[in-house]
Peer 1: 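Have a look at this one before I ask anything.
All ligand and atom numbering here is 1-based and tracks the order in the structure.
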Amino acid sequence: AKYTIVDQDTCIACGACSGVAPDIYDHTDDGISYVTIDQNEGMVEVPAELHDDVEDAYEGCPSDSIKISDEPFHGNALKYS
Ligand code: F3S
């Protein structure tokens, strides 16, 4: 998956994603996650060396809020749901 975005409506601020992929995910003051490389727009390609980290975050999110795709999200986390 080249692109990732967080569905901030379903994120429960568990913090797991930034633990496994700290170069991609960070949290707002209230703990909600966002993608750092493009302000959670899902438009900037994830660097190849970070693909495994993003896959781990995707698999580890307890609320399935991490979205991944081979195509950009254009800011819509539910674009490919
Ligand atoms: Fe939220 Fe899932 Fe990360 S609940 S903090 S997007 S692991």
Peer 1: Do the side chains of T36 and Y25 get nearer than 4.5 Å, heavy atoms only?
Peer 2: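 Side chain of Y25 against side chain of T36, heavy atoms only: no contact under 4.5 Å found.
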Peer 1: Taking C-beta and beyond as the side chain, do Y3 and M43 meet within less than 4.5 Å on heavy atoms?
Peer 2: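 Sidechains of M43 and Y3: no contact.
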Peer 1: For I66, take its heavy atoms, then give the atoms of ligand 1 lying under 4.0 Å from any of them.
Peer 2: 6 (S)
Peer 1: Which atoms of ligand 1 are found less than 4.0 Å from any heavy atom of G15?
Peer 2: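 Ligand 1 atoms under the 4.0 Å threshold to G15: 5 (S).
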Peer 1: Is any side-chain heavy atom of N40 closer than 4.5 Å to one of Q8?
Peer 2: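 Touching, per the 4.5 Å side-chain cut-off.
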Peer 1: Give the atom numbers and elements of ligand 1 that come within less than 4.0 Å of a heavy atom of H27.
Peer 2: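 Selected atoms, number and element: 5 (S).
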Peer 1: Shortest non-hydrogen contact from L78 to K67?
Peer 2: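 Distance-wise, the nearest heavy atoms are CD2-CE, 4.4 Å.
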Peer 1: Evaluate the side-chain proximity of Y58 to I68: yes if any heavy-atom separation is below 4.5 Å, no if none is.
Peer 2: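 In short, these two side chains touch, coming nearer than 4.5 Å.
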Peer 1: Determine whether C17 and H27 make a side-chain contact, defined as any pair of heavy atoms from C-beta on separated by less than 4.5 Å.
Peer 2: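 Side chain of C17 against side chain of H27, heavy atoms only: contact under 4.5 Å found.
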Peer 1: Below 2.8 Å, can you find an N, O or S atom of C14 next to atom 2 (Fe) of ligand 1?
Peer 2: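 Short answer: no, not a single N, O or S atom is under the cut-off.
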Peer 1: Under 4.0 Å, heavy-atom basis, I'd like to know which part of T10 is in contact with ligand 1: side chain, backbone, both or neither.
Peer 2: neither
Peer 1: Which atom names give the shortest non-hydrogen contact between A57 and A21, and what distance separates them?
Peer 2: CB-CB, 4.4 Å
Peer 1: Check whether any N, O or S atom of C11, backbone or side chain, sits closer than 2.8 Å to atom 1 (Fe) of ligand 1.
Peer 2: yes
Peer 1: Quick test: of every protein heavy atom, which one is nearest to atom 2 (Fe) of ligand 1, and how far off is it to 0.1 Å?
Peer 2: C61 SG, 2.3 Å
Peer 1: Quick one: nearest non-hydrogen protein atom to atom 3 (Fe) of ligand 1, plus distance?
Peer 2: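 I find the closest protein heavy atom is C17 SG, 2.4 Å.
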Peer 1: Show me which atoms of ligand 1 lie under 4.0 Å from any heavy atom of S63.
Peer 2: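 Close to S63: 4 (S).
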